[in-house]
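Right, one structure below, let's go through it.
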Amino acid sequence: MSIYDTLNEQQKKGVFTTEGPVLILAGAGSGKTRVLTHRIAYLIDSKGVNPWNILAITFTNKAAGEMRERVDKLVGFGSESVWVATFHATCVRILRRYIDRIGYDNNFTIYDTDDSKSVMKDVCKKLDIDTKMLKERTILGAISSAKDNLISPLEYDSSAAGDYTKRKIAAAYIEYQSLLKKNNALDFDDIIMKTVELFKSCPEVLESYQNRFKYIMVDEYQDTNTAQFELIRLLASKDKNLCVVGDDDQSIYKFRGANIRNILDFEMVYPEAEVIKLEQNYRSTQNILDAANAVIKNNAGRKDKALWTDKGAGNRIHFRSFDNAHEEADYIAGDIRKKARERISDYRDCAVLYRTNAQSRLLEESFIGLNIPYNVVGGVNFYARKEIKDILAYLKTIDNARDDLAVRRIINVPKRGIGAASVNRVQAYADAKGISFYDALTQMYDTPFPASSKSEQRIKDFITMIRSFRTKLEFCTLEELITDVIETTSYVKELEQEGDEEAKERIQNIDELITKLVSFEQEREELGEKATLSGFLEEVALVADIDGVSGDDNKVLLMTLHSAKGLEFANVYLSGLEDGIFPSYMTINSDDASAIEEERRLAYVGITRAQKDLTITYAKQRMIRGETQYNPVSRFVKEIPDKLLDNTLSANKAGSNTYGTEPYNKMSKDEYSAKHAKDLFKSKPYGAGQGAKGAANSWTAAADYLESYNRKSEREKLSDTVFDKPEAKSGATIVVKKKLVPSKKGAGAANALEGITKGMPAAAAALEYKTGDRVRHIKFGNGTVLNIEKETRDYKITVDFDEYGNKIMYAAFAKLKKV
DNA sequence: CGTACTAGTCTTTTT
DNA sequence: GACTAGTACG
C-alpha cells in the first residue's frame with residue numbers, strides 16, 4: 001500500500017509524469033493540490049530528487065502554507081528544503097540578494113497601493129497633470145498593466161506618440177519610476193518585473209537559479225500574467241521540467257493582468273507538453289456540478305471538459321427571491337441559524353459569497369441581529385488601516401532612511417508642530433540637492449548650533465528620536481523597539497485620551513500589530529534565524545486578506561467570489577444574483593464581449609464552492625452607494641436548467657414579467673433602474689421602512705429616465721405633486737428638494753410619484769420606536785430610547801446603550817431597530 | 001499651525 | 001452611505 005494508491009488514474013499520471021513540460025487541466029474540486037503535493041513526494045522519495053531542487057509557486061500565502069503543510073506530512077525528512085512560496089515572496093527573496101546588480105539597494109521597501117497613490121499625487125503635481133481630467137487611479141492602472149506586460153517607461157513612451165493621454169501617462173510613468181527608485185522602493189508589479197529584468201541583465205544570476213530549480217510547479221496557472229509567465233519561462237528554460245496546474249474556467253483575474261492565453265496556449269509554447277485532464281470532482285453533488293456545467297458552457301473558447309462525480313444527485317439548488325436586500329440578508333442569516341440549531345451544519349460549514357465588498361454590510365447587520373458568529377474576509381485590509389500604517393511608517397523610517405514617503409507620513413504624527421510649511425521647505429531643499437527627504441532634514445537641522453526657533457527645535461528633536469530608535473534596533477529585540485516607538489511618540493496615549501469607540505479599536509489594532517511582530521520574532525528564532533526589521537516589513541507588505549482565514553473558528557465566512565476561489569463549504573449562499581450586480585453593469589455595458597465571460601467564470605467558481613447545498617438569492621430592490629436600484633434576475637440563474645432548481649424562475653414572483661426578467665443590454669443604470677422603479681411603484685407603494693434618501697434617489701432615477709425620454713409633462717406633474725402635499729415637510733421631501741432645485745430637474749413619472757409620495761411622509765413620520773422603547777444599533781448593540789426630538793430634517797434620538805452609554809444620533813443614519 | 005466643515009468620489013474584483 | 005481631499009477660518 002503506497003500513498004499513491006488512493007489517486008485516480010489521471011491523478012497518477014499527473015504525479016508520475018515528472019520530466020518535461022506538463023499541463024494539468026484541473027477542474028474545480030478535482031484534487032489538484034493532492035496531485036501537486038504527491039508529485040513533490042514522488043520526486044523526492046522515488047526519483048531521488050533533492051528537495052532543494054524543487055520550486056512550487058502559488059498566488060496566496062494561504063495556498064503556499066497549505067501546500068507546505070501537506071508536503072511536510074507526505075515527505076517527512078527534507079521537506080523543509082522544498083521552496084514553496086508565492087510569486088511575490090519568491091521574487092522578493094531573489095531581489096533581496098541580487099537587486100543591487102540593477103541599481104537598487106538590497107534593503108528596498110515595498111509600496112502598497114496607498115503608497116503608490118501618494119507618489120502618483122506628487123508626480124501629477126510636479127508634471128502639472130490635471131487630475132480631474134486624468135485621475136491618479138487611471139494612470140496607476142495604466143502603469144500597472146504596462147508592468148504586468150513588462151513594458152518599461154521608455155518603451156511605453158515610444159509607443160505613445162500621437163496619443164495625448166498616453167503621452168501624459170508615459171511622462172507620469174517615467175517620473176513615478178524615478179521617484180520609486182530614489183526612495184529605494186518597489187511597488188507590487190515591480191517585484192515581478194524587476195526580477196525578470198534582473199534575470200535578463202545578469203545571466204549568471206539566472207543560471208544559478210536554473211541550476212537550483214530543476215523541477216518547477218505552478219499552481220493556479222490560469223491567473224498568471226505576462227511577467228509571471230516570462231519569469232517561469234526563464235527559470236524553466238534549461239531543464240524544462242515545468243508542471244503547471246490550472247483551470248481556464250476559473251480565470252477571474254483579468255483585471256489584474258492575468259492572461260488566459262498562458263494556459264490556453266501552453267501547448268503551443270511547449271509542443272512536447274503532456275496534457276492531463278482531471279475531470280472527476282470529489283467535492284460537490286451532481287446537481288451542483290450540472291448547474292456549474294450548464295452555466296460555463298455558454299462561454300466560447302474554453303478547453304473542452306466536463307466535471308462529473310460518483311456522488312448522488314443530492315439536493316436541488318435552492319433559489320429564493322426577495323423584495324429587497326434586507327429580506328435577502330435576513331433569510332440567509334435565518335437559514336444558517338436554522339441549520340446550526342437543527343445540527344445540520346456548523347457555522348463554519350457555511351459561507352456567503354457576493355460580488356462586491358459593499359454587499360457585506362447588510363448581511364453583517366442580519367448576522368448581528370441573530371447573534372450568529374461570522375467573519376468578513378477582505379474589505380479594509382488590516383495593514384491599510386491608518387494607525388497600522390503610521391506605526392509601520394516609523395519602522396520603515398528606522399529601517400530605510402531613503403523611504404521619503406514613510407518619513408513624511410510620520411514627521412508630524414502624532415502632532416508635534418512640524419507643519420506643511422516646514423515639510424515643503426525641506427522637500428524643496430531635497431529636490432534641489434537631489435537627496436532624500438531625511439538626508440535633507442539632517443543636513444538642514446542636524447547641526448551643532450542651537451535651534452533659533454521653536455519649530456527648528458522640534459525638528460531637531462525628531463531627528464534625535466529617530467536616531468535613538470536606530471541605535472536601539474542594533475541592541476534590542478524588535479518587540480522592545482516597537483514598544484519604545486509607541487511609548488516615545490505617545491501614539492497610544494493620544495488615542496487613549498480621545499477615548500471614543502474608534503480610538504479603542506485603533507489601540508486594539510496596534511496591540512494586534514505588536515502580537516504579530518512578537519510571533520514573527522519567535523518564529524524566526526525557532527528557525528535559528530535572526531528576526532530582522534526588514535524581514536518583518538516585507539512579510540507584512542505581502543499579506544493578502546485571505547491569508548488570515550482559517551477554519552478554526554466556528555464562524556460563518558462572508559467574502560467576495562474572488563476571495564472564495566480555492567475554498568469549499570458544505571453550504572454556500574450566492575447572494576445578489578442580479579443583472580447589474582452580478583454580472584456587473586460594467587461588464588454588461590462593456591464593448592468587450594469577453595468581459596461577461598469572465599463574470600460567468602466567476603459564477604462557475606461560486607457554484608463549485610458548494611459541497612452539499614447551494615442557495616442562490618435575488619433581491620428586487622437594493623441600495624447601492626445610497627441609490628436604490630431595481631434589477632432583474634441574473635442571466636446566470638437563467639442559464640441553470642429549471643429542473644435543477646427547487647423553485648423555478650417562472651413559478652417565482654421575482655421572475656414574473658412585472659419586474660422584467662429580460663436581461664437588458666446597453667441601457668444606462670439610471671434608465672434601467674427607473675424603468676423597474678416604475679413597475680414596482682405601480683404594484684406597491686414605496687415602503688414606509690425605507691429611508692428618505694432611498695425614496696429621493698428612486699425618484700431622481702425615475703425623473704432622469706423621463707427626462708432622457710423627453711416626457712416633460714409627466715416630470716412636471718411629479719414635481720408639483722410633491723410640493724403640493726401639505727405633509728410634504730418630511731425629510732424625504734427635503735432631500736428631494738435638495739436634489740431637485742440645484743439640478744433644475746422639473747417633473748416626472750406619475751406612477752413613481754404616487755408610490756413615493758405615499759411612502760415618503762410615512763418614512764419620516766413613523767419611527768418604529770418611541771421614548772422608553774428598547775432598540776438595537778449595528779455597532780453599539782442594545783439600548784433604551786431616552787428622548788426623541790424632531791428637527792427640520794430628521795429626528796434626533798438619544799439612546800442609553802447598555803454597553804456604550806448615552807449617544808445622540810439622527811434617526812435616518814442610526815437605523816435603530818426596535819427589539 | 002490646526003481645526004471644522006464641505007464637496008466630490010466611490011466600488012467590480014486584489015497579489 | 002462612507003471616506004477623503006480640499007478649503008476657509010480661528
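Below, chains carry the letters A, B, ... as their sequence lines are ordered, and counting in each starts from 1.
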Sugar-phosphate, base or nothing in reach of [X], heavy atoms under 4.0 Å:
X         : result
Asn357(A) : sugar-phosphate
Lys565(A) : nothing
Glu598(A) : nothing
Thr86(A)  : nothing
Phe59(A)  : sugar-phosphate
Lys62(A)  : nothing
Ser422(A) : sugar-phosphate
Asn412(A) : sugar-phosphate

### Message
Using the C1' atom as the point on both nucleotides, what is the distance between dA5(C) and dT12(B), in whole Å?
### Response
24 Å
### Query
Where does the angle between the aromatic ring planes of Tyr221(A) and Phe229(A) fall among parallel (under 30°), tilted (30 to 60°) and perpendicular (over 60°)?
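It falls in the tilted class, 30° to 60°.
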### Task
Just say parallel, tilted or perpendicular for the rings of Phe87(A) and Phe59(A), cut-offs at 30° and 60°.
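Tilted.
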At under 4.0 Å, does any side-chain N or O of [X] touch on OP1 or OP2 of [N]?
X         : N       : result
Thr587(A) : dT12(B) : no
Ser584(A) : dT13(B) : no
Lys386(A) : dC3(C)  : no

### Query
Is it true that Glu599(A) and Arg355(A) have a side-chain N and a carboxylate O under 4.0 angstrom from each other?
yes
Residue [X], side-chain atoms from C-beta onward, closest of [options]:
X         : options                  : result
Thr60(A)  : dT12(B), dC1(B), dT15(B) : dT15(B)
Ala421(A) : dC1(B), dT15(B), dT12(B) : dC1(B)
Lys415(A) : dC10(B), dT14(B), dT3(B) : dT3(B)

### Query
What distance do Cys91(A) atom SG and Ile99(A) atom CD1 have between them, rounded to the nearest 0.5 Å?
10.5 Å
### Query
Are Phe255(A) and the base of dT13(B) stacked, counting only ring centres nearer than 5.5 Å and planes tilted under 30°?
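Base of dT13(B): stacked against Phe255(A).
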